[in-house]
Amino acid sequence: QGPAPSDEYRELPGIGSRLAVWMAAQLHLLFAAFVLAVPMFALVIEFMGWRSKDPRSDRLAHEMARLLPPAFSITAILGASMVFLLFTLYPRLMGYMTDIFGPTMWVYPLFFIAETFSLYFYYYSWDRLQGNLKWAHMLIGLSLNVFGTAILFIADSWATFMMTPGGLDEAGNLISSYNAIWNAGWMPLNIHRLVANITLGALLAGAYAAYRFITAERAEERAFYDWMGYTGNLIALFTMLFLPFAGYYFGFELF
């Protein structure tokens, strides 16, 4: 058939296009999972500490949120790298995806900007928004989770469309944006990724606690990070119980 046109597929010298995109996407998703999951259980722990007036719980939530700013920056860099590789190496595919999901690709960066402001404001206003202002801080945390979940759902519609396409005619032309987004695999993947993200994020928080436990010099610090590691593992084990069922649900829809 001869070589593919230059506007359809480009080969990256050395490692190849597919491997380059896979590496960028995999690293991006790992960091993104952590950034999306930690605010969820951090907000729950913060709320529990506020209700029980337990400063240890508030410190635990703050310690978990401490990992968010650097992880978020790495996530953004890796995401930008993945987008650059996709649009330069697979221009025809990305042009087609843009035709199908153009409106969502305008909304996506708006949610990303909103998540960015919420995340940094949530972390850096922790000490200032205490006492009678604690409700405002938790409201920021709630908005952070809403924006992050919206970003996850939008990106999942793009991914599942390529596995279980919907809203198209026989020639592949778009006839329903709603069905293209809400395709057969969209909601199962949303559920699976939410559960998996929480599991991964909790285990990474536990690993961070283990490192801080080893390097701590005072018994009080070791006791706190031991409790933090226990809490992270407890969250991960609980959510992991639901992960196979979410995976089976997703696999069922694919089949």
Side-chain angles (χ1 to χ4, degrees), residues 9 17-19 21-41 44 75 78-79 82-83 85-87 89-90 92-112 115 144-204 235-255:
Y9 175 82
S17 301
R18 293 185 67 185
L19 183 57
V21 171
W22 172 74
M23 290 172 61
Q26 185 63 66
L27 290 172
H28 171 68
L29 288 175
L30 287 173
F31 279 94
F34 181 79
V35 169
L36 289 172
V38 170
M40 294 181 182
F41 50 79
V44 173
T75 303
L78 292 170
M82 182 181 69
V83 170
L85 290 171
L86 283 171
F87 275 93
L89 300 176
Y90 298 92
R92 184 174 177 183
L93 169 64
M94 297 310 297
Y96 176 73
M97 293 294 290
T98 302
D99 291 338
I100 301 295
F101 293 101
T104 65
M105 291 183 177
W106 283 101
V107 175
Y108 186 91
L110 298 179
F111 277 116
F112 180 78
E115 184 192 25
L144 169 60
N145 282 285
V146 170
F147 293 136
T149 303
I151 287 174
L152 173 73
F153 279 26
I154 293 173
D156 282 349
S157 69
W158 307 337
T160 52
F161 174 82
M162 292 187 281
M163 293 182 280
T164 56
L168 305 174
D169 61 15
E170 293 292 334
N173 299 311
L174 179 67
I175 57 176
S176 173
S177 297
Y178 176 85
N179 291 329
I181 295 172
W182 201 307
N183 58 77
W186 182 54
M187 194 52 65
L189 184 61
N190 288 334
I191 297 171
H192 186 270
R193 284 193 66 192
L194 279 174
V195 177
N197 287 356
I198 296 173
T199 303
L200 176 65
L203 287 172
L204 288 174
I235 295 171
L237 288 172
F238 176 75
T239 54
M240 196 180 293
L241 294 174
F242 301 95
L243 196 54
F245 301 101
Y248 292 145
Y249 176 37
F250 181 47
F252 176 81
E253 292 296 338
L254 289 178
F255 278 101

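Within the 3.5 Å criterion, the main-chain N or O of L194 finds no donor-acceptor partner in the side chain of N197. A distance-only check finds no donor-acceptor pair linking the side chain of Y249 to the backbone of L189 [under 3.5 Å]. Of the possible donor and acceptor atoms, one in the side chain of T239 sits under 3.5 Å from a partner among the backbone N and O of A236. Judged purely by atom type and a 3.5 angstrom limit, H28 uses its side chain to pair as donor or acceptor with the backbone of T75.
Scanning both residues, T160 and W186, for their nearest heavy atoms gives OG1-CA, 3.6 Å. Here the closest heavy-atom approach between residue Y90 and residue R18 is recorded as OH-CG, 3.1 Å. A pairwise comparison of heavy atoms in T164 and E253 identifies CG2-O, 4.4 Å as the closest pair. A155 and Y108 get closest at one heavy-atom pair: CB-CE1, 4.2 Å.
How far CG of L254 is from CE of M163: 6.0 Å, rounded to the nearest 0.5 Å. Rounded to the nearest 0.5 Å, atoms OG (S157) and CD1 (I100) are 11.5 Å apart. The distance from the CG atom of L36 to the CG atom of N145 is 8.5 Å, given to the nearest 0.5 Å. Taken to the nearest 0.5 Å, the CE atom of M40 stands 5.5 Å off from the CD1 atom of I198. Residue L174 holds its CG atom at 9.0 Å from CG of D99, rounded to the nearest 0.5 Å. For the atom pair CZ of R193 and CZ of F153, the computed distance is 10.5 Å after rounding to the nearest 0.5 Å.
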Hey, mind stepping through M187 and D156 against side chain to side chain contact (heavy atoms under 4.5 Å, CB included) and telling me if it holds? CA-CA 8 Å; M187 194 52 65; D156 282 349; over 6 Å; no
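With a 6.0 Å radius and a threshold of 12 heavy atoms from other residues, nucleotides or ligands, Y96 has its OH atom above the threshold.
Between F101 and F161, the two ring planes are perpendicular [angle over 60°; tilted spans 30° to 60°].
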